[in-house]
Amino acid sequence: MKKLLSASALVLGVLGAGAANAAEEVNVYSYRQPFLIEPMLDAFTKETGIKVNVKFAKEGLAEKLQQEGEYSPADVLLTVDIARLKELVNKDLVQSVDSTLIDENVPSQFRDSDDRWFALTLRSRSVYSSRDRVGKLGNDFDYMDLAKPEWKGKICTRSGKHPYNVSLVSSVIANHGEAEAKAWLEGVKANLARKPQGNDRAQVKAISEGLCDISLGNSYYLGKMLADEKQLAWAEAVYLNYPGQNAQGAHVNVSGMAMAKFAPNKDNAQKLMEFLTSDVAQKMYAELNYEDPVKPGVSSSELVASWGDYRADKLPLETVAENHEKAMKLLDETKFDL
């Protein structure tokens, strides 16, 4: 992983030692974009009077924390993908948080068994299908069907080694075993319309251009494309489908949070983490990024709800993360990206 963005590229700059030790402040390191989290952080400050200082980065968060060690000003870490959350745990960069409130708000499936990380939002790994050439896929469609010969030359996807796809492969391993997962990857590769490339939105664009008929992509990208005039035509060319509804359920990944190992403002950090699982913050997340709230009972946005209800895979995300290395090995063995 590359180094963290330079200080000049950070939205709010480097946090000084004085700020790190301030009694009514909390310091956040975030992979999430400013517009996605600033409304929640502003609401937290308004409610508690606690100032939130943020470092925004694109990559290198774990390395930055390792470099800073016990002198790090970081209190709360915000990131996406279960693999990145697990990386923080494996590198001993986080600590457990004993909060009955968070445990009540975040189902056990979506948090660490030792309370070292917690999900904040859910995003399904969905399948987009061409409205004209395929139509809406039924509830009996499963991820395993992507390897069937009927889809030969019709599938588009980003790199198999992108974290979103690695997590999906990890879930296939957990649900079906390593041997079947390898055979599945070989089948999907044989069905690709082109070499894996681009991002999730690029696959939907390819469907709209007739290059392929179905693609893998996170659900929230549909909302982003519908909100972008330049990408609206792509979104209108596809249906969003939730696989596995008659099987294990749709694979979901998360955005999540953890408390830094050497958090200097531990009490304020816990208050912020608890707030981010509250109804107020969860609803904000739902409206801003077209993701599903992790807290049961908090509704998705009206747009996301219009895509239909879905049943998520009950597989604990800890189990998914445990299969990460096996997934990477299978992707290498099948030469999926080549």
Side-chain angles (χ1 to χ4, degrees), residues 11 28-45 52 54-59 61 76-85 105-107 110-111 117-128 158 162-165 167-168 199-204 215-232 234-235 238 240-242 250-258 272-273 275-310 312 317:
V11 173
V28 174
Y29 281 12
S30 175
Y31 273 141
R32 306 233 64 184
Q33 299 176 60
F35 79 93
L36 293 178
I37 65 169
E38 285 177 340
M40 281 78 78
L41 302 183
D42 290 344
F44 171 74
T45 298
V52 184
V54 191
K55 279 185 178 180
F56 293 106
K58 290 184 178 179
E59 50 194 10
L61 190 59
V76 176
L77 313 173
L78 300 178
T79 186
V80 293
D81 191 77
I82 181 58
R84 280 176 166 166
L85 289 165
N105 290 344
V106 182
F110 302 121
R111 52 183 161 88
W117 60 261
F118 307 87
L120 286 172
T121 61
L122 308 177
R123 59 270 292 275
S124 79
R125 195 69 182 146
S126 301
V127 170
Y128 289 87
R158 73 195 308 164
H162 187 278
Y164 299 159
N165 279 339
S167 290
L168 174 60
N199 55 26
D200 282 358
R201 287 190 241 198
Q203 315 315 315
V204 177
S215 71
L216 283 166
N218 282 354
S219 54
Y220 60 84
Y221 284 114
L222 181 57
K224 290 180 177 292
M225 289 183 289
L226 288 169
D228 187 331
E229 184 177 342
K230 295 180 180 179
Q231 300 176 3
L232 180 61
W234 309 349
V238 298
L240 180 74
N241 305 274
Y242 298 109
H251 168 62
V252 293
N253 210 319
V254 297
S255 71
M257 63 181 177
L272 175 58
M273 293 174 74
F275 177 80
L276 292 176
T277 69
S278 70
D279 286 16
V280 172
Q282 286 286 292
K283 190 61 179 174
M284 285 184 175
Y285 269 120
E287 296 294 338
L288 287 167
N289 201 34
Y290 313 108
E291 294 175 302
D292 292 306
V294 72
K295 183 181 179 183
V298 178
S299 60
S300 300
S301 71
E302 184 176 345
L303 176 61
V304 172
S306 73
W307 302 338
D309 294 330
Y310 71 93
L317 286 184

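What you see below is based on every heavy atom in this structure, not just the backbone, and it leaves out hydrogens, waters and symmetry mates. Worth saying up front: this structure is predicted, and the values here are computed from it rather than measured.
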Requested in this report: Inspect the contact between Arg123 and Asp81 and indicate whether a charged nitrogen and a carboxylate oxygen are less than 4.0 angstrom apart.
Outcome: no
Query raised in the report: Which heavy atom of Leu78 sits nearest a heavy atom of Met257, and at what distance?
Result: CD2-CB, 3.6 Å
**Report entry** Heavy-atom side-chain contact between Thr121 and Asn289 under 4.5 Å
**Finding:** no
Query raised in the report: Got a sec, which residues hit ring pair (Phe, Tyr, Trp, His ring centres under 6.0 Å) with Tyr220, two or more places apart in sequence or on another chain?
Result: none
Query raised in the report: Tell me, do Tyr128 and Asp200 make a side-chain contact under 4.5 Å, heavy atoms counted?
Result: no
Requested in this report: Go through the structure and list residues passing ring pair (Phe, Tyr, Trp, His ring centres under 6.0 Å) with Tyr221, not counting sequence neighbours.
Outcome: none
Requested in this report: For Asn253 and Arg125, indicate whether the former's side chain and the latter's backbone hold a donor-acceptor pair under 3.5 Å.
Outcome: no
Requested in this report: Tell me, please, which residues at least two apart from Phe118 pass ring pair (Phe, Tyr, Trp, His ring centres under 6.0 Å).
Outcome: none
Report summary line: Sorted by chain and number, sequence neighbours left out, salt bridge (charged side-chain N to carboxylate O under 4.0 Å, His left out) with Arg111 holds for Asp103, Asp115
Query raised in the report: Shortest non-hydrogen contact from Gly223 to Leu303?
Result: CA-CD2, 4.0 Å
Report summary line: For Val252 and Leu317, the nearest pair of non-hydrogen atoms, with its separation, is O-CD2, 3.4 Å
Report summary line: Rounding to 0.5 Å, atoms OH (Tyr310) and OG (Ser124) come to a distance of 5.0 Å
Report task. Indicate yes or no: at least one non-hydrogen side-chain atom of Leu272 is less than 4.5 angstrom from one of Leu41. Result -> yes
Query raised in the report: Quick one: are Trp117 and Ile82 in side-chain contact, heavy atoms under 4.5 Å?
Result: yes
Requested in this report: Write down the atom of Tyr290, the atom of Ala227, and the distance for their closest heavy-atom approach.
Outcome: OH-CB, 3.6 Å
Requested in this report: Could I get the full list of salt bridge (charged side-chain N to carboxylate O under 4.0 Å, His left out) partners for Asp42, not counting sequence neighbours?
Outcome: none
Query raised in the report: Cut-off 3.5 Å, side chains only: do Arg32 and Ser255 have a donor facing an acceptor?
Result: yes
Query - ring pair (Phe, Tyr, Trp, His ring centres under 6.0 Å) involving Tyr285 - partner list, sequence neighbours excluded - result: none
Query - Expected output: side-chain Gln282 to main-chain Lys295 donor-acceptor under 3.5 Å - result: yes
